[in-house]
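See structure below.
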Amino acid sequence: MQANRANEKELGLRTEKELEELKAQYRKELLYSPKNVSETEEGFFEKAKEFCEGYKAFIDSAKTEREAASFAAARAEEKGFKPYDRNRKLSAGEGVYLLNRGKAIVVIKKGTLPISEGANLVIAHTDSPRLDLKQRPLYEEGGMAYFKTHYYGGIKKYHWTALPLALHGVLFKKNGEKVEISVGEKEGEPVFCISDLMPHIAKDQVEKPLASAITGEGLNIIVGSVPLEDGTEVKLALLKLLNEKYGITEEDFLRAELSAVPAGKSKDVGFDGGMIGAYGHDDRVCAYPSMEALFDSETPERTAICIFADKEEIGSEGVTGLLSAAYTNLFKELCEAEGAAYGEFCENSCCLSADVGGAFDPCYGEAYDGKNSAYVNKGVVVTKYTGARGKSGSSDASAELVAKITSVLDSRNVAWQTGEYGKVDQGGAGTVAKVVASWNVDVVDLGVPILSMHAPFELASKGDIYMMYKAAKAFFELR
Ligand code: MN
Ligand code: MN
């Protein structure tokens, strides 16, 4: 409809009540406001809560990319998916998965169309900010044994003191034997901790800016305090204990990948339990719903592919990060198996970079442009561009692609919204989208809006998490 001059002229002749009705009609037809997730279907939050029980089981048992990849592989097996075999052509409806060095996973459901028609890809990452142990981590000071750490990803260092920590990872003995370590999650198990200075004597500390009050070299984890029988050498006593438990020596830490993450399980948040507080929603909160959507979708026309990528938090580098040829090589093999051209596959493919967005936080409203922010319970956030300053580092999805994706979401009654990270020049972020775009695959960011991103306890709404599942399912079934 058009609010033309004829209408305006008419307005003057109407009664106040008629005028209000007309304005209400204009508002309805002309103004935009994203709908709340609860408007999309009856009993929405009940369904969302039920779905999120599965999500909580995932995040409680998969705190690192290795654990997430193992979880996903086991789930894929449960759903009848088989390990990928490069010597066999896939048939329509067939499901396979490929683990990349145990730290990333690609799950594929072959569509009815030839691979040259492209794939619908949903790519999330399962690495989260944390404290990795240094290669020679163990030392003793002040009658305590410590691990030195080197933080991974973008953290606010002060978050990590006075917080129960768990240790996850692997270590290789000199003879090549692999030792898997997970301590601090099970009931009754000890946890670890970085101490903080008591306020009584923190005059100098509290006057420092947040960014420098706690330093990277200050993030040392207390791992022991009991000395040998003669009251000396806590470090040696600890090594004796580790040797008894795992058969390892100090040298074996040189061949380890051990990470400290917040200990404990996810929790429902709020009287109504409408949100989940947990470590590492970013980005397991997009990963889990995406893969469940792939499992649940009918045999698609276009091949459906879901990736849990590693190393996103440090720039998607490394052999398990999305910049690795591991992924493009796999796509090339899928094409070769059907005699299809890889270039054609890429050109015809479409991708959701499924990563979290920042939800507007009213307690820190000054950092956001509230008119262009995503809000909790308004559904998945479609982020056309990320980046910092003048969109630097963003792949900036085309209007054509945004139109195509959002029309699919609308047709499936998926609540979605747009959202920038924060105010212009306030900072910024990047995702795997630019890597995907470099393959010549159309890609847009779409994910769950969260609060306290990168904090040890991030918040996400159950409604938005379930909406992520619905969005990914709609996308996988996109022709
Ligand atoms: Mn992320
Ligand atoms: Mn992140």
Side-chain angles (χ1 to χ4, degrees), residues 55 58-59 62-65 67-69 72 103-105 121-132 151-157 159-160 259 261-262 266 276-291 306-318 320-323 327 351-359 361 367 373-374 380-388 392-395 397 419-422 426-437 443-461 464-465 468 471-472:
Y55 171 59
F58 168 63
I59 48 174
K63 289 204 172 176
T64 62
E65 63 279 2
E67 291 167 355
K103 294 166 142 195
I105 185 168
L121 291 129
V122 179
I123 307 179
H125 67 92
T126 47
D127 60 316
S128 299
R130 63 185 182 226
L131 303 179
D132 285 344
Y151 67 96
Y152 172 96
I155 61 164
K156 284 165 132 180
K157 298 181 187 85
H159 278 155
W160 292 77
S259 305
V261 298
S266 56
I276 299 172
Y279 162 69
H281 278 314
D282 178 9
D283 181 39
R284 296 175 300 163
V285 76
C286 296
Y288 176 84
S290 301
M291 198 163 282
C306 182
I307 302 178
F308 285 8
D310 181 27
K311 298 275 186 284
E312 192 278 342
E313 294 295 357
I314 56 168
S316 297
E317 314 286 346
T320 49
L322 206 65
L323 282 165
Y327 307 99
C351 177
L352 295 184
S353 160
D355 206 346
V356 295
D361 188 335
S373 291
V380 291
V381 49
V382 178
T383 306
K384 185 178 181 295
Y385 49 86
T386 57
S392 183
S394 168
S395 63
E420 289 205 23
Y421 257 77
Q426 187 60 232
T431 65
V432 298
K434 65 175 178 180
V435 179
V436 178
V443 57
V444 65
D445 281 293
L446 183 152
V448 176
I450 68 172
L451 291 168
S452 303
M453 193 186 295
H454 285 204
F457 194 70
E458 300 176 320
L459 300 174
S461 147
D464 294 328
I465 297 171
M468 180 68 222

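Whatever order the structure lists them in is the order used to number ligands and atoms, beginning at 1.
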Kindly report the OD1-the Mn ion (ligand 1)-OD2 angle for D282 and D355 respectively, rounded to 10°.
150°

Quick one: do R284 and E458 make a salt bridge, cutoff under 4.0 Å?
no

Check for a donor-acceptor pair, side chain of D127 on one end and backbone N or O of K311 on the other, with a separation under 3.5 Å.
yes

Has the side chain of Y421 got a donor or acceptor atom that lies under 3.5 Å from a matching backbone atom of S373?
no

Output yes if H125 passes the N/O/S-under-2.8 Å test against the Mn ion (ligand 2); output no otherwise.
no

Quick check: does E312 have an N/O/S atom under 2.8 Å of the Mn ion (ligand 2)?
no

For K384, is the NZ atom crowded, meaning more than 12 foreign heavy atoms sit under 6.0 Å from it?
yes

Among the N, O or S atoms that E313 has, which is closest to the Mn ion (ligand 2)?
OE2

